Amino acid sequence: MSDDVQELGITESKSHNTGEWYAEVVRKAGLADYGPEGMSGFIVTRPRAYAIWERLQGFLDAKFKNTGVQNAYFPLFIPESYLEREKDIVEGFDPEVAWVTEAGNEELEERLAVRPTSESIITPYISQWVRSHRDLPLRVNQWCSVVRWEATETKPFFRTKEFLWQEGHTAHATHEDAWTETLTRLDQYESVYEDLLAIPVLKGQKPDYDTFPGAETTTTVEALMPDGKSVQAGTSHHLGQSFAAAFDITFADEDENERLAHTTSWGLSWRAIGALIMTHSDEQGLVLPPGVAPTQAVIVPIWQEDTKDAVLEYAEGVAADLDDAGVRVELDDRDERNPGFKFNEHELNGIPLRVEIGPNEVDDGELTLVHRPDGESTVVDREGVAASVAAHLDELYAKLYAAAEETLDGEVREADGRDEILGTLGQHGGYVKAPWCGDEACEAPIKEPMAAEIVMVPFEDDDPLVDADGDDAAGDAGSHGETCAICGEPAQRTAYFAKSY
RNA sequence: GGGGCCGUGGGGUAGUGGUAUCCUCGCUGCUUUGGGUGCAGUGGACCUGAGUUCAACUCUCAGCGGCCCCA
């Protein structure tokens with residue numbers, strides 16, 4: 001990443017008009033089209049984006065299955081009476097629910113909600129399946145789409161009225177087990193972002209007044225976008241016993257007593273794709289880390305009339321070797337395009353590694369490898385091509401992650417006092433952390449003028465305001481004595497303020 | 001939630017009360033291959049609806065859609 005000329009160019013372009021730049025990348029890199037007229041807020045996910053989703057899905061699904069989750073599928077529609085059984089869910093989603101009132105030309109007796117989330121239809125079945133403590137923990141997940149009729153402006157992958165996601169739902173014998181589950185899933189989300197998408201995230205919980213409807217605690221991973229806004233990148237909820245009570249999940253415990261279960265739910269949507277596009281891409285188009293790239297390496301042969309056969313044969317051999325080694329490789333042997341065109345096209349489409357093979361390489365028994373993110377070019381031996389390509393793909397990932405991490409580190413600032421928080425957010429965007437008393441009223445003075453909010457509060461273990469023994473600053477004034485940046489009362493926790501998507 | 005800008009071939013733009021130009025794009029042929037090769041031929045558009053008008057892509061209103069700013 002020593003090429004700071006390009007880095008400057010990128011930064012300027014993305015920061016100048018991030019919204020339009022994003023829309024352009026989405027369209028031109030063939031990721032999505034807008035939905036039909038009259039269906040504002042819906043998108044058509046094109047094969048390249050869907051392939052990214054499939055990679056992400058495969059990565060996360062494997063983690064789920066290794067940790068006791070089974071996949072299932074529940075109906076798209078939820079009867080109104082089901083939805084109403086948990087009142088927070090109704091209130092929380094009511095304005096955004098799409099309803100079916102008619103089918104086969106007949107008015108339905110009970111209207112059906114198009115699921116905005118599936119707690120209300122999954123939990124009743126979990127209730128049927130749980131009889132004894134031996135049935136717990138019980139974990140199901142479904143990959144599906146949900147519909148939330150957003151009033152706010154939509155943006156491909158970030159906010160659409162229908163979106164793809166997975167939603168996991170679990171039941172546990174104890175509060176503590178449910179908490180462990182909640183954090184397990186959050187860690188897996190963190191891993192998707194950091195290990196697969198090369199996007200560092202901040203991990204923590206939402207303020208108590210901003211939890212998922214009906215939830216006791218909502219945990220979140222937050223990612224920083226280049227325009228300085230935070231994206232809620234995945235959430236994992238400890239639902240306490242409210243859903244278990246509403247839908248009657250009880251079990252006979254070892255001591256033969258009937259007990260109420262504790263439940264969780266957790267979801268990650270294709271918003272991850274939006275964050276992925278935003279974070280790494282540049283003025284040349286899409287940039288993808290190798291793990292999610294549908295094509296990891298593209299071979300561009302360069303020939304003259306008299307060298308064509310030799311170059312192509314050599315290139316085909318390399319392609320075969322890479323394919324055998326499990327690299328997702330494509331040989332671009334189109335006759336009607338010249339190399340320059342192909343270079344630009346593959347850069348637009350975000351193929352991480354380009355392999356150039358011309359007469360020079362053939363003569364010397366070599367290959368030229370070019371990294372998509374920064375154009376770094378290396379000549380390697382034909383011998384051992386699979387290993388060197390693998391090494392370069394790893395290096396690419398590391399470059400992307402390091403760049404994103406550096407950005408994030410530089411965008412977390414501290415402030416004390418309302419004006420300083422507002423000023424810092426206004427000038428730089430990003431995150432501003434400040435000591436906070438925990439009261440919603442102290443968020444308002446930031447939220448009102450600026451539409452920034454507390455997007456995340458670090459977990460107790462990560463919060464310097466909280467002692468290792470769990471005492472908060474107020475309860476242990478001797479060693480801390482921090483006060484809330486807004487009201488001046490004793491601070492309980494550190495709050496991260498940011499504008500958000 | 002409030003305000004503003006905008007909608008013209010596939011994409012990006014210009015212009016006009018009398019349906020249009022440039023750059024690109026697709027196709028065909030030749031040419032070309034280490035950063036979007038060149039030439040020729042050819043194809044293709046004024047978001048939708050209503051109103052004003054002899055005439056609307058242009059003006060007015062509404063709708064749909066996009067972008068930006070503020071809350």
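Labels below follow one simple rule: chain letters A, B, ... track the order of the sequence lines, proteins then strands, and each chain is numbered from 1. All figures in this text were calculated on a predicted structure; none of them were measured in a lab.
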Considering only atom P, compute the distance from B:U28 to B:G17 and round it to an integer number of Å.
-> 41 Å
Can you list the residues that meet the side-chain hydrogen bond (donor to acceptor under 3.5 Å, both in side chains) rule with A:Glu54, with sequence neighbours excluded?
-> none
Who are the salt bridge (charged side-chain N to carboxylate O under 4.0 Å, His left out) partners of A:Glu190, not counting sequence neighbours?
-> A:Lys203
Pairwise P distance, B:A56 and B:G3 [rounded to whole Å] = 32 Å
Check the chi torsion on B:U42 and let me know: syn if it falls within 90° of 0, anti if not.
-> anti
Mutual orientation of the aromatic rings belonging to A:Phe212 and A:His237 [parallel < 30°, tilted 30-60°, perpendicular > 60°] | parallel
Residue list, salt bridge (charged side-chain N to carboxylate O under 4.0 Å, His left out) with A:Lys206, at least two apart or on another chain = A:Glu222
What pairs with A:Tyr401 under ring-ring contact (aromatic ring centres under 6.0 Å, His included), at least two apart in sequence or on another chain?
-> none
On a whole-Å scale, what distance lies between the P atoms belonging to B:G9 and B:A45?
-> 10 Å
Using salt bridge (charged side-chain N to carboxylate O under 4.0 Å, His left out) as the criterion, list what pairs up with A:Arg271, not counting sequence neighbours.
-> none
Under the ring-ring contact (aromatic ring centres under 6.0 Å, His included) rule, collect the residues that match up with A:Trp270, sequence neighbours excluded.
-> A:Phe157
What residues form a ring-ring contact (aromatic ring centres under 6.0 Å, His included) with A:Phe341, not counting sequence neighbours?
-> none
Would you tabulate the side-chain donor-acceptor contacts of residues 411-418 of chain A under 3.5 Å, counting partners in other chains and residues two or more places apart, or write 'none'?
from	atom 1	to	atom 2	distance (Å)
A:Glu411	OE1	A:Arg413	NH1	3.2
A:Arg413	NH2	A:Gly410	O	3.4
A:Arg418	NE	A:Pro445	O	3.2

Can you tell me how far C1' of B:G10 sits from CZ of A:Arg27, to the nearest Å?
-> 10 Å
Which of A:Arg337, A:Lys28, A:Arg334 passes salt bridge (charged side-chain N to carboxylate O under 4.0 Å, His left out) with A:Glu345? Answer is A:Arg334
Throw together a table of side-chain donor-acceptor distances under 3.5 angstrom for residues 300-313 of chain A, partners on residues two or more places apart or in other chains.
from	atom 1	to	atom 2	distance (Å)
A:Gln304	OE1	A:Thr307	OG1	3.4
A:Thr307	OG1	A:Gln304	N	2.7
A:Thr307	OG1	A:Gln304	O	3.1
A:Lys308	NZ	A:Asp335	OD2	3.4

Using atom names, set out every protein N or O paired with an N or O of nucleotides 69-71 of chain B below 3.5 Å, distance rounded to 0.1 Å.
from	atom 1	to	atom 2	distance (Å)
B:A71	OP1	A:Pro449	O	2.0
B:A71	OP2	A:Pro449	O	3.3
B:A71	O5'	A:Pro449	O	3.4
B:A71	O3'	A:Glu448	O	2.0

Using the P atom as the reference point in each nucleotide, state the distance between B:G11 and B:C46 in Å, no decimals.
-> 13 Å
State the dot-bracket string of RNA chain B. Criteria: Watson-Crick or G-U wobble, both atom distances under 3.5 angstrom; notation: ( ) intrastrand, [ ] crossing earlier pairs, | interstrand, . unpaired.
-> (((((((..(((.....[...)))((((((.......))))))...(((((..]....)))))))))))).
Could you work out the separation of B:U19 and B:C57 based on their C1' atoms and round it to a whole Å?
-> 7 Å
For nucleotides B:U33 and B:C69, find the distance between their C1' atoms and express it as a whole number of Å.
-> 47 Å
Pairwise P distance for B:U53 and B:G43, with rounding to whole Å = 39 Å
Distance, P atom - from B:G12 to B:G66, rounded to whole angstrom | 14 Å
Going 5' to 3' through nucleotides 23-36 of chain B, assign each nucleotide B (protein heavy atom under 4.0 Å from a base atom), S (under 4.0 Å only from sugar-phosphate atoms) or - (no protein heavy atom that close).
-> ---S------BBBB
